[in-house]
2 protein chains.
Amino acid sequence: MSKESSYHHGNLREALLEAGTKLVEEKGVADVSLRAVAKAAGVSHTAPYRHFSDKNAMLRGIAATGFRLLAQRIEEAVELHPGNPELQLSAAGVAYVELAIEHPRLHNLMFGGVLQDDAVDDSLEERSDQAFKGLVGIIALGQQAGVFRRGDTDELALTAWSLVHGFAMLASTGTLDHRAGGQEAKLALAHRVANHLLSGLAKR
Amino acid sequence: MSKESSYHHGNLREALLEAGTKLVEEKGVADVSLRAVAKAAGVSHTAPYRHFSDKNAMLRGIAATGFRLLAQRIEEAVELHPGNPELQLSAAGVAYVELAIEHPRLHNLMFGGVLQDDAVDDSLEERSDQAFKGLVGIIALGQQAGVFRRGDTDELALTAWSLVHGFAMLASTGTLDHRAGGQEAKLALAHRVANHLLSGLAKR
DNA sequence: ACCTGAACACCGTTCAAGT
DNA sequence: ACCTGAACACCGTTCAAGT
């Protein structure tokens with residue numbers, strides 16, 4: 001009872017994001033309406049407009065929870081391997097892919113290009129930029145330690161990001177399904193693919 | 001006059017796909033309605049149902065034109081470098097990225113995960129599989145010629161595909177914009193990133 | 001300050017009807 | 001065979017009104 005009444009005390013925003021995230025993960029962005037989210041939160045269909053300017057703004061809020069989760073997992077993965085940039089890179093990549101496999105529809109909302117830019121609220125861009133900077137940090141450390149080749153650090157980071165992002169995308173859209181069935185198979189495949197990046201495709 | 005009346009002679013499907021592709025490229029999938037496509041083709045809003053079971057089926061048709069275009073460009077790129085797998089791989093990757101840069105919203109429809117599967121019409125999956133087989137062919141050739149390292153050919157191909165796909169995704173969603181502004185800058189960056197994959201990230 | 005309910009323009013889909 | 005127009009349930013958004 002205190003929970004329902006508390007919706008009127010300032011946490012309806014949270015309740016909407018929670019209900020929205022759940023609905024997105026169940027049915028995919030395309031099949032989630034603002035009205036359905038409002039209903040799931042137990043509120044009229046115009047109430048969300050007190051907390052979000054727009055349906056798009058609400059979706060951005062849901063995506064933001066996904067980015068928070070991603071940043072958190074990557075941080076944890078990196079902290080597991082202090083002073084070992086190669087393992088840090090690998091663990092960060094795996095964490096990235098893992099999120100895409102476990103929450104494919106949320107990942108799709110985050111990276112599928114459904115969200116409009118809106119320019120005003122660029123918190124999402126900031127968040128993704130922050131994740132990239134973490135990656136750059138790992139590469140820079142590895143270059144200093146002499147395990148990664150020299151060269152433009154940002155470019156090497158972007159290479160790693162592209163690979164992981166592409167793999168995650170293929171995994172979350174189901175393109176990999178008939179090549180690697182279960183989650184473990186996909187993660188194992190991700191590991192081997194990551195190794196190919198480290199070694200390079202060209203013959204030595 | 002013969003053009004409008006010809007809509008009644010069997011090519012309305014084509015006209016819808018053409019109008020639909022144009023609308024998607026202009027406004028993005030999320031802002032294209034079946035009714036608007038019908039209107040743009042000069043026909044009532046229920047006419048499309050004679051040619052597509054569904055809005056999703058129409059979108060799949062539009063995506064298919066994109067996949068045809070992609071396959072065509074990759075084929076051309078490969079034929080430009082007979083007997084040179086390294087250049088073939090690079091050219092195919094550039095063609096892939098180029099399409100994403102030139103037609104970001106179409107690319108987003110093709111790979112953004114908006115399309116439902118529907119199982120019955122898996123022509124899209126076939127088409128993407130076909131493109132992948134072309135890639136595998138290039139890698140296999142390069143392994144025989146001794147320019148690519150030995151190992152599971154499918155895995156090496158998947159590595160290259162992931163990288164290119166991820167880069168294209170980042171390019172088409174605008175994530176790369178504040179790192180590489182124009183199209184040429186992006187393509188140049190794509191080249192350097194592709195080279196990092198060939199050489200590998202690890203120090204030799 | 002925060003939420004509701006009616007209203008508006010638009011949407012995807014179905015169906016009887018027209019040629 | 002191919003297309004139309006009315007109809008239905010649903011949607012995003014606005015706005016006056018309630019507490």
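Residue numbers start from 1 in every chain, and the chains themselves are labelled A, B, ... in the order their sequence lines are given, proteins ahead of strands.
Here A:D31 pairs with nothing under the salt bridge (Lys or Arg N to Asp or Glu O under 4.0 Å) rule; sequence neighbours left out. In terms of the ring-ring contact (aromatic ring centres under 6.0 Å, His included) criterion, B:F52 has no residue partners (sequence neighbours excluded).
Between B:L34 atom CG and D:dC10 atom C1' there is a gap of 15 Å when expressed in whole angstrom units. A:F52 places its CZ atom 16 Å from the C1' atom of D:dG12, with the value rounded to the nearest Å. Rounded to an integer number of Å, the gap from B:D31 CG to C:dC11 P is 10 Å. We find that CZ of A:R35 is positioned 11 Å from C1' of C:dC8, with the value rounded to whole Å. The distance between atom CE of B:M58 and atom C1' of C:dC11, rounded to the nearest whole Å, is 12 Å. In this structure, B:K55 atom NZ and C:dC10 atom C1' are separated by 12 Å, rounded to whole Å.
When each of A:V32, A:L109, A:L115 is checked for a side-chain contact (heavy atoms from CB on, under 4.5 Å) with A:I62, only A:L109 meets the rule.
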Checklist outcome for this item: Going 5' to 3' through nucleotides 14-19 of chain D and flagging B where a protein heavy-atom sits under 4.0 Å of the base, S where only the sugar-phosphate is that close, and - otherwise, we get B-----
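Dashed line: the shortest gap from a side-chain N or O of B:S33 to OP1 or OP2 of C:dC11 is under 4.0 Å.
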Checklist entry - Would B:Q183 and B:E98 count as a side-chain contact (heavy atoms from CB on, under 4.5 Å) if you check the C-alpha gap in whole Å, the side-chain angles of each, and the deciding distance to 0.1 Å? => result CA-CA 8 Å; B:Q183 291 199 191; B:E98 239 167 359; 5.9 Å; no
Checklist entry - So A:H51 and A:M58, side-chain contact (heavy atoms from CB on, under 4.5 Å) or not? Walk me through it. => result CA-CA 8 Å; A:H51 301 276; A:M58 194 180 74; over 6 Å; no
Checklist entry - Checking side-chain contact (heavy atoms from CB on, under 4.5 Å) for the pair B:M169/A:F111: CA distance, chi angles, key distance, verdict? => result CA-CA 8 Å; B:M169 213 71 209; A:F111 294 110; over 6 Å; no
Next on the checklist: If a pair means Watson-Crick or G-U wobble with both distances below 3.5 Å, what does DNA chain C look like in dot-bracket form, with | marking bases paired to a different strand?
Outcome noted: ||.|||||...|||||.||
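At a non-hydrogen distance threshold of 4.0 Å, nothing from residues 22-30 of chain A comes into contact with DNA chain D.
Contact check for A:T175 versus B:F132: no side-chain heavy atoms found under the 4.5 Å cut-off. Side-chain contact between A:L158 and B:L170 is present, with heavy atoms from C-beta onward closer than 4.5 Å. Two residues are said to be in side-chain contact when any heavy atoms from C-beta on lie closer than 4.5 Å; B:F167 and B:L176 meet this criterion. The shortest side-chain heavy-atom distance between A:L135 and A:V164 does not fall under the 4.5 Å cut-off.
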Would you be so kind as to tabulate the donor-acceptor pairs closer than 3.5 Å made by side chains of residues 79-86 of chain B, with sequence neighbours excluded?
residue: B:N84; atom: OD1; partner: B:E86; partner atom: N; Å: 3.4
residue: B:N84; atom: OD1; partner: B:L87; partner atom: N; Å: 3.3

